[in-house]
Amino acid sequence: MVRILLRFSENIVEEPITSQIILELKVPINIITAHVNSKGGEVLAEVPDEALDKVVKAFRKRGATVSIPKLIEVDSEKCVSCGACITLCPVEAITMDEDASVVFNKEKCLGSTCSACVDACPVRAIKSVKQKNSELVAINAR
Ligand code: SF4
Ligand code: SF4
């Protein structure tokens, strides 16, 4: 699965664009987070790798902005168990084990749409990395 960040302007936010694309392309789109109000919307979603290109094109055709957020990696070797990232994480994607080692749940993490933990880490044990899919480079460049 590839994570995509969708932005809908005020003019199109009330249209059922995501459900239209799911029905039209018959592709599962997994919504991870959605912040929507009358002024616009921002949705973080996951789509199957093989459907990425057509899903991105379909959203752009309907006026949405699509970008590919970076993912987060935690280097447990560098971690000094200070807990700063755990306190800041809005979705409890980082927890601490009984032996004080950090446990990172990448399924829950919001990636570079959040990044709150990256700057907070005093030993730079957390970094943003590009999603590993060569097609993404072309999509990001558009
Ligand atoms: S990037 Fe945000 S959501 Fe992901 S682990 Fe860090 S604080 Fe949590
Ligand atoms: S902020 Fe860095 S050092 Fe502190 S618990 Fe998180 S990963 Fe470990």
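First listed ligand is number 1; within each ligand, the first listed atom is number 1. Because the structure is predicted, anything quoted here is derived from the model rather than measured.
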Kindly indicate, with the supporting measurements, whether the criterion side chain to side chain contact (heavy atoms under 4.5 Å, CB included) is fulfilled by I72 and S128. CA-CA 5 Å; I72 299 299; S128 299; 3.8 Å; yes
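Ranked by closest heavy atom to atom 4 (Fe) of ligand 1, the top entry among S115, A84, C109 is C109.
The protein non-hydrogen atom at the shortest distance from atom 8 (Fe) of ligand 2 is C79 SG, 2.4 Å. Atom 2 (Fe) of ligand 2 has its closest protein heavy atom at C121 SG, 2.3 Å. Looking only at protein heavy atoms, the nearest one to atom 6 (Fe) of ligand 1 is C117 SG, 2.3 Å. Atom 5 (S) of ligand 2 has G83 N, 3.2 Å as its closest protein atom, hydrogens excluded (heavy atom only). At the shortest separation from atom 3 (S) of ligand 2 among protein heavy atoms lies V80 N, 3.4 Å.
Atom CD of E15 sits in a crowded spot, with more than 12 heavy atoms from other residues, nucleotides or ligands closer than 6.0 Å.
Checking C114 against atom 4 (Fe) of ligand 1, every N/O/S atom stays at or beyond the 2.8 Å cut-off.
Checked for salt-bridge contact, E24 and K61 miss the test: no charged N lies under 4.0 Å from a carboxylate O. Between E10 and K39, no side-chain nitrogen of the basic residue sits less than 4.0 Å from a carboxylate oxygen of the acidic one, so the salt-bridge criterion is not met.
Taking a cut-off of under 4.0 Å to the non-hydrogen atoms of I94, the atoms of ligand 1 that pass are 5 (S). The V91 neighbourhood of ligand 1 comprises atoms 3 (S), with distances under 4.0 Å to a heavy atom of that residue. Set against the non-hydrogen atoms of I126, the atoms of ligand 2 under 4.0 Å away are 7 (S).
Not close to ligand 1: C85, with no non-hydrogen atom less than 4.0 angstrom away.
With a 4.0 Å cut-off on non-hydrogen atoms, I86 does not touch ligand 2 at all.
Looking at L25, T18, I22 one by one, the single match for side-chain contact (heavy atoms from CB on, under 4.5 Å) with V55 turns out to be L25.
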